[in-house]
Amino acid sequence: FAFKPRSINLTTMSSAAELNSSCPVSGGDDSTNGGQRWLPPNHDSRCTFRIDKPVCESPHLHQKRKERPKILPDILHHIGNTPLVRVNNITKEEGIECEILVKCEFFNAGGSVKDRIGLRMIEDAERSGRLKPGDVLIEPTSGNTGIGLALAAAVKGYRCTIVMPEKMSKEKVDVLRALGADIVRTPTAASYDSAESHIGVAKQLLNTVANSHILDQYTNPSNPMAHFDGTAEEILEACSGQLDMVVLGAGTGGTLCGVARKLKQRCPDCLIIGVDPLGSILAQPDELNATKVTGYDVEGIGYDFVPTVLDRSLVDRWYKSNDVDSLRMARRLIRREGLLCGGSSGSAFDCALRAVRDFGLGAGKRVVVLLPDSVRNYMTKFLSDDWMIERGHMPDPEDDPSLGPSHAWMSVRVGSLDLRAPLTVAPDVSVSETLELFNRESIDQVPVVERSSGAIVGMATLSNITSRIIRGSLAPTDPVGSAAFDKFTKVTPDAKLGAVSRRLDTDHFVLVVQQQRQFGSAGEAVREFVYGILTRIDLLNFILKMQE
């Protein structure tokens with residue numbers, strides 16, 4: 001069930017039609033593939049819901065909260081009813097006197113707040129007759145909504161395709177694949193209205209996959225309604241209606257909007273604080289969004305358009321978050337409070353501390369901060385010191401003058417080592433010839449490099465070739481290019497040994513490459529050529545030599 005999004009014919013798209021009056025903020029397509037209508041994710045909302053009207057006059061279908069049974073019929077019954085936990089150590093360290101509670105949405109079955117909307121959108125579509133057995137769900141998402149949908153689809157028997165930007169973590173991709181979802185990746189930098197964006201590609205797939213639907217978290221009223229009926233009710237019940245401030249990050253805006261609407265009805269004096277990352281445009285006033293930042297590492301919040309379901313008028317004050325403070329705070333929540341949360345949780349909590357000080361909330365006041373997802377999705381990202389240092393979110397320990405002369409090697413450039421120029425092989429050299437080369441030269445890995453362009457195809461290693469021959473997926477006569485893999489670390493000669501040593505904790509080697517600027521008829525291009533291979537034994541020998 002593989003897709004090639006770039007080959008899909010855009011001319012088959014049909015124009016947007018009038019919104020269904022019974023669903024003022026509707027999903028993105030009709031219940032069949034014929035006569036589909038695509039509603040842009042930022043079209044003007046025609047929702048007639050008003051917080052000054054009773055729920056019985058709401059244009060939406062509402063659900064009452066259900067008590068969780070002692071034995072769950074299936075895992076979908078483990079969505080919602082997440083715990084509210086008091087923060088103790090960080091508030092004490094920060095001199096905060098008010099009570100801060102965190103709503104731990106990572107206790108949902110799929111690990112995030114988006115499980116709520118994934119299930120609600122599917123169930124509402126089933127009730128309306130839109131979804132039928134055997135149908136296919138397609139959803140553009142940053143990952144968590146995809147996991148929520150894929151989880152519900154796995155239990156209910158639907159096929160699921162998730163379209164997500166390349167920046168999203170490998171862990172999210174692995175979870176989605178485990179749940180049986182098909183995945184299409186799109187360029188992170190693509191504008192939301194570009195044909196190559198995750199939204200644009202999902203739109204194309206909708207017109208090529210039979211019996212498919214985009215439930216569309218950006219425009220679907222089931223998104224905020226899941227939080228109006230569920231999340232907000234849980235908070236109000238746990239706090240007995242005594243609440244002074246709620247802090248929520250904004251992505252699609254469904255969580256923020258759904259919770260805020262309920263609180264404005266039932267607890268009108270409660271302050272609603274919205275959190276939006278630098279580089280996003282959701283915050284108001286617009287002057288807050290002025291920045292030179294064009295991207296951010298925190299996932300799941302912020303957009304380059306205002307989703308239909310986000311009613312920004314509900315927010316009393318917006319705060320802009322940044323990667324450094326957000327990711328460090330997420331690690332602090334894990335270390336000091338034992339809350340295994342994701343990076344956007346750090347954004348919300350860091351801004352909550354700022355808001356508490358700005359509004360002067362002291363003893364006797366209560367603040368709730370929503371923590372959207374789990375650290376499970378980011379084990380190779382902000383939980384890793386190496387990743388944090390590489391991205392500039394933590395200081396590099398090799399720059400610490402207190403380390404002393406025994407660690408002087410950490411600041412030495414890789415180019416200072418006496419690395420031999422390695423042998424390389426062309427992609428068309430056979431596997432058997434490569435193995436003979438390994439034996440003759442007493443090596444166990446070799447770069448595979450194109451003859452004409454000099455482009456690095458990958459690395460051929462003895463261990464990888466051996467395992468593939470044993471499995472029967474590689475023959476001695478096959479070209480070695482088919483056995484090369486590109487999942488290895490590349491560094492330049494200017495890289496410091498301290499950073500490289502952390503890579504060698506997990507990698508057997510790093511490939512040292514030199515970059516070369518080349519001008520041609522097509523303009524300037526940057527080419528890479530192999531400078532050397534650095535192994536653990538090379539590093540150890542250098543350190544011992546320095547300490548003699």
Side-chain angles (χ1 to χ4, degrees), residues 1-3 5 27-29 41 75-76 79 105-106 108-125 131 135-188 190 192 196-206 209 212-220 222-223 226-227 249 251-255 298-303 307 309 342-344 372-381:
F1 196 65
F3 296 110
D29 69 288
I75 197 61
L76 302 181
I79 294 174
E105 289 298 296
F106 47 84
N108 282 304
S112 87
V113 67
K114 295 293 191 172
D115 294 350
R116 295 178 184 263
I117 74 167
L119 179 60
R120 179 67 179 262
M121 289 194 302
I122 287 177
E123 289 185 338
D124 285 352
L131 268 184
D135 284 357
V136 180
L137 299 173
I138 299 172
E139 189 70 19
T141 168
S142 61
N144 279 330
T145 301
I147 291 172
L149 279 169
L151 181 77
V155 174
K156 290 175 172 286
Y158 298 107
R159 295 169 69 190
C160 187
T161 298
I162 301 302
V163 188
M164 59 193 299
E166 290 169 343
K167 114 172 179 179
M168 303 312 165
S169 70
K170 180 180 182 296
E171 290 85 347
K172 289 180 181 176
V173 173
D174 290 342
V175 171
L176 285 164
R177 286 205 175 104
L179 287 167
D182 296 288
I183 300 163
V184 178
R185 306 302 293 273
T186 61
T188 298
Y192 80 94
E196 291 191 336
S197 73
H198 65 308
I199 294 172
V201 170
K203 174 182 174 181
Q204 297 169 52
L205 291 175
L206 180 66
V209 180
S212 63
H213 313 266
I214 297 178
L215 298 183
D216 196 0
Q217 60 179 328
Y218 302 105
T219 65
N220 197 320
S222 302
N223 180 352
H227 302 292
T252 65
T255 306
V298 173
E299 297 181 25
I301 56 174
Y303 274 106
V309 297
S344 61
D373 71 352
S374 163
V375 72
R376 176 202 66 197
N377 290 335
Y378 313 103
M379 303 293 279
T380 56
K381 287 201 167 186

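Both backbone and side-chain heavy atoms feed into the values below; hydrogens, waters and symmetry mates do not. Keep in mind the model is a prediction, meaning the values are calculated, not measured.
Listed for the Arg116 side chain is no donor-acceptor partner under 3.5 Å among the backbone atoms of Gly148. Looking only at distances, no side-chain donor or acceptor of Ser374 sits under 3.5 Å from a matching main-chain atom of Gly111. Here the side chain of Asn223 pairs no donor or acceptor atom with the backbone of Ile117 at under 3.5 angstrom.
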Report task. Applying side chain to side chain donor-acceptor pair (under 3.5 Å), run through Thr255 and His227 and close with a yes or a no. Result -> CA-CA 6 Å; Thr255 306; His227 302 292; 3.2 Å; yes
**Report entry** Audit row: Asn220, Asp124, side chain to side chain donor-acceptor pair (under 3.5 Å) steps and yes/no
**Finding:** CA-CA 10 Å; Asn220 197 320; Asp124 285 352; over 6 Å; no
Requested in this report: Given side-chain contact (heavy atoms from CB on, under 4.5 Å), test Tyr378 with Asp373 step by step and report yes or no.
Outcome: CA-CA 10 Å; Tyr378 313 103; Asp373 71 352; 2.5 Å; yes
Requested in this report: Go through Val298 and Ser344 one step at a time and tell me if the side-chain contact (heavy atoms from CB on, under 4.5 Å) criterion holds.
Outcome: CA-CA 6 Å; Val298 173; Ser344 61; 3.9 Å; yes
Report task. Could you check Lys172 against Ile162 for side-chain contact (heavy atoms from CB on, under 4.5 Å), going step by step and ending with a plain yes or no? Result -> CA-CA 11 Å; Lys172 289 180 181 176; Ile162 301 302; over 6 Å; no
Query raised in the report: Run the side-chain contact (heavy atoms from CB on, under 4.5 Å) check on Thr252 and Thr145 step by step: do they pass?
Result: CA-CA 10 Å; Thr252 65; Thr145 301; 5.6 Å; no
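For the atom pair Leu119 CG and Ser222 OG, the distance stands at 10.5 Å (nearest 0.5 Å). Atom NZ of Lys203 and atom OG of Ser197 lie 9.0 Å apart (nearest 0.5 Å). If you take CG on Asn377 and CG on Asp174, they are separated by 10.0 Å, rounding to the nearest 0.5 Å. One finds the CD1 atom of Ile147 at 12.0 Å from the NZ atom of Lys114 (value rounded to the nearest 0.5 Å). One finds the CG atom of Asp115 at 9.5 Å from the CD1 atom of Ile75 (value rounded to the nearest 0.5 Å). His213 contributes atom NE2, which lies 7.0 Å from atom CG of Leu137 (distance to the nearest 0.5 angstrom).
Summarising the geometry of Ala181 relative to Ala150, their closest heavy-atom pair is CB-CB, 4.1 Å, with the distance given to 0.1 Å. Ala153 approaches Ile122 most closely through the heavy-atom pair N-CD1, 4.2 Å. When all heavy atoms are compared, the tightest approach of Leu205 to Ser212 is O-OG, 4.3 Å. Summarising the geometry of Leu151 relative to Ala109, their closest heavy-atom pair is CD2-CB, 3.8 Å, with the distance given to 0.1 Å. Heavy atoms only, all atoms of each residue included: Ala202 and Ile214 are closest at O-CD1, 3.4 Å. Closest approach of Pro187 and Glu196 over heavy atoms only: CD-O, 3.3 Å.
Side-chain contact between Val113 and Asn144 is absent, with no heavy atoms from C-beta onward closer than 4.5 Å. Side-chain contact check for Leu76 versus Lys156: some heavy-atom pair is nearer than 4.5 Å.
Between Tyr218 and Tyr303, the angle of the ring planes goes over 60°, which puts this pair in the perpendicular group of the 30/60° scheme.
Contacts classified as salt bridge (Lys or Arg N to Asp or Glu O under 4.0 Å) and involving residues 137-155 (residues at least two apart or in different chains) are not found.
A salt bridge does not link Lys381 with Glu171: every distance from a Lys NZ or Arg NE/NH1/NH2 to an Asp or Glu carboxylate oxygen is 4.0 Å or more.
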